[in-house]
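Some notes on the structure that comes next.
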Amino acid sequence: MKKLTALFTDSAQEFKSIRTIALCGLFAALAFILESFSIQVTNYIKIGFSGLPNEMVDFLFGPVVGCLFAAAMDVFKWAVHPTGPWFFGYTLNAFLAGLIYGAFLYKKPVRIWRILVAKLLVAMLINVALGTLWSSMLYGNVFLVILPPRFIKNLVMWPINSFVLYVLLKAFEASGVLRLLGTVRQEESRKKEGQK
């Protein structure tokens with residue numbers, strides 16, 4: 001329980017850094033760019049990689065920053081490019097996905113199993129179960145009619161999305177970007193401690 005509390009406390013502390021806000025802005029811009037390459041198959045199925053910037057924020061800054069960033073991005077993306085009526089349930093899904101990814105990835109070594117588990121939880125609980133419920137409520141379709149295609153799409157995309165995120169995080173790790181961010185955080189912590 002202490003580790004979980006520390007995880008959320010550390011993530012909330014990330015908001016104190018100007019670099020966190022600046023990087024969130026850059027990832028938001030990247031999410032908008034990737035959103036333009038998404039393919040809307042039906043009202044219930046969309047294929048794309050615009051969620052990758054959200055997952056990078058979750059990895060770098062944790063569940064608190066991640067869930068708020070994801071919820072805000074859901075609203076902003078809808079406002080800029082609406083693909084249907086705005087519905088709170090979808091924003092809640094983005095929020096919950098940020099919590100899950102942040103809890104699994106923040107301050108943890110990059111491991112494929114960790115990404116696979118986080119992606120599976122989000123795919124099945126958030127995208128399939130809750131997402132199908134929201135679509136059924138919103139469009140008046142029967143839950144069991146739209147569940148199978150959503151389940152199949154998420155099952156097929158699960159290993160693909162996991163692999164893409166793993167490769168991206170490993171590339172960041174190999175390039176030294178993650179070490180640089182860690183060094184910046186350590187310097188900021190030392191400065192704050194010196195001011196006290």
Side-chain angles (χ1 to χ4, degrees), residues 27-28 30-106 108 110-169:
F27 282 119
L30 181 60
F32 276 108
I33 292 168
L34 291 174
E35 179 74 16
S36 65
F37 295 105
S38 295
I39 300 166
Q40 189 78 33
V41 180
T42 68
N43 283 341
Y44 333 109
I45 298 176
K46 181 167 75 171
I47 297 174
F49 295 99
S50 65
L52 279 172
N54 291 25
E55 293 156 11
M56 292 300 298
V57 169
D58 302 332
F59 174 77
L60 292 171
F61 308 119
V64 175
V65 176
C67 68
L68 294 175
F69 177 82
M73 285 305 299
D74 181 73
V75 173
F76 291 147
K77 283 182 194 176
W78 178 84
V80 171
H81 185 67
T83 55
W86 181 82
F87 185 68
F88 175 75
Y90 296 124
T91 304
L92 176 64
N93 283 6
F95 180 89
L96 293 173
L99 278 177
I100 292 171
Y101 288 132
F104 271 84
L105 303 176
Y106 182 56
K108 309 258 182 6
V110 178
R111 301 284 184 263
I112 189 67
W113 69 265
R114 190 182 308 281
I115 293 170
L116 282 166
V117 171
K119 285 277 187 186
L120 184 63
L121 284 171
V122 169
M124 293 303 138
L125 297 177
I126 309 295
N127 297 345
V128 174
L130 286 177
T132 304
L133 176 64
W134 307 143
S135 293
S136 181
M137 289 170 61
L138 193 59
Y139 296 107
N141 295 317
V142 179
F143 182 85
L144 294 176
V145 171
I146 59 177
L147 182 66
R150 290 180 63 90
F151 176 79
I152 291 167
K153 179 254 181 184
N154 277 278
L155 194 60
V156 168
M157 292 302 292
W158 166 53
I160 296 167
N161 288 336
S162 298
F163 179 73
V164 169
L165 181 60
Y166 177 74
V167 168
L168 184 65
L169 291 178

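Residue indices begin at 1 and follow the sequence shown. Atoms considered below: every heavy atom in the structure, side chains included; atoms not considered: hydrogens, waters and symmetry mates.
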Step-by-step side chain to side chain contact (heavy atoms under 4.5 Å, CB included) determination, Met73 to Val57: CA-CA 12 Å; Met73 285 305 299; Val57 169; over 6 Å; no
Side-chain heavy-atom pair Leu155, Met124 within 4.5 angstrom cut-off: yes
- prompt: What distance do Phe59 atom CZ and Phe104 atom CZ have between them, rounded to the nearest 0.5 Å?
  reply: 15.0 Å
query: Got a second to check how far Asp58's CG is from Phe27's CZ, nearest 0.5 Å?
result: 10.5 Å
message: Whether the side chain of Arg114 engages the backbone of Lys108 through a donor-acceptor N/O pair (distance < 3.5 Å, no angle test) should be reported.
response: no
query: Heavy-atom distance under 4.5 Å between the side chains of Leu96 and Cys67, does that happen here?
result: no
message: Let me confirm one number: the CZ-CG distance from Phe151 to Asn127, rounded to the nearest 0.5 Å.
response: 12.5 Å
task: Measure the shortest side-chain to side-chain distance between Met56 and Leu169 over non-hydrogen atoms and say whether it is less than 4.5 angstrom.
output: yes
- prompt: Is there side-chain contact between Trp86 and Val75, with heavy atoms separated by less than 4.5 Å?
  reply: yes
message: For the backbone of Ala123 and the side chain of Trp158, can you confirm whether one donor and one acceptor N or O come within less than 3.5 Å of each other?
response: no
message: Measuring only between side-chain heavy atoms, which start at C-beta, is Trp78 closer than 4.5 Å to Thr91?
response: no
message: Per the side chain to side chain donor-acceptor pair (under 3.5 Å) rule, what does the pair list look like for residues 116-125, sequence neighbours excluded?
response: Glu55-Lys119
message: Restricting to non-hydrogen atoms, name the atom on Ser162 and the atom on Ile112 that form the minimum distance, rounded to 0.1 Å.
response: O-CD1, 4.2 Å
message: Under a 3.5 Å distance rule, please check whether Asn154 uses its side chain to pair with a backbone N or O of Arg150 as donor and acceptor.
response: yes
- prompt: Heavy atoms, side chains only, cut-off 4.5 Å: are Asn161 and Leu165 in contact?
  reply: no
- request: Of all the heavy-atom pairs spanning Ala94 and Ala70, show the shortest one and how long it is.
  value: O-CB, 3.3 Å
field: Backbone N/O of Ala31 and side chain of Lys77: donor-acceptor pair under 3.5 Å
entry: no
query: Side chains of Ile115 and Phe163: closer than 4.5 Å at any heavy-atom pair?
result: no
query: Taking all atoms of both residues into account, what is the closest heavy-atom pair of Ala103 and Pro63, and its distance?
result: N-CB, 4.0 Å
task: Kindly write out the residues that satisfy ring-ring contact (aromatic ring centres under 6.0 Å, His included) with Phe87, not counting sequence neighbours, or none if the list is empty.
output: Tyr90, Trp134
query: What distance do Ile33 atom CD1 and Ser50 atom OG have between them, rounded to the nearest 0.5 Å?
result: 12.0 Å
field: Atom pair CZ/CG of Phe88 and Asn93 - distance to nearest 0.5 Å
entry: 9.5 Å
field: Atom pair CG/CD1 of Leu92 and Ile126 - distance to nearest 0.5 Å
entry: 7.5 Å
message: With a 4.5 Å cut-off on side-chain heavy atoms, are Phe69 and Phe61 touching?
response: no
query: Ser136 side chain to Thr132 main-chain N or O, any donor-acceptor pair under 3.5 Å?
result: no
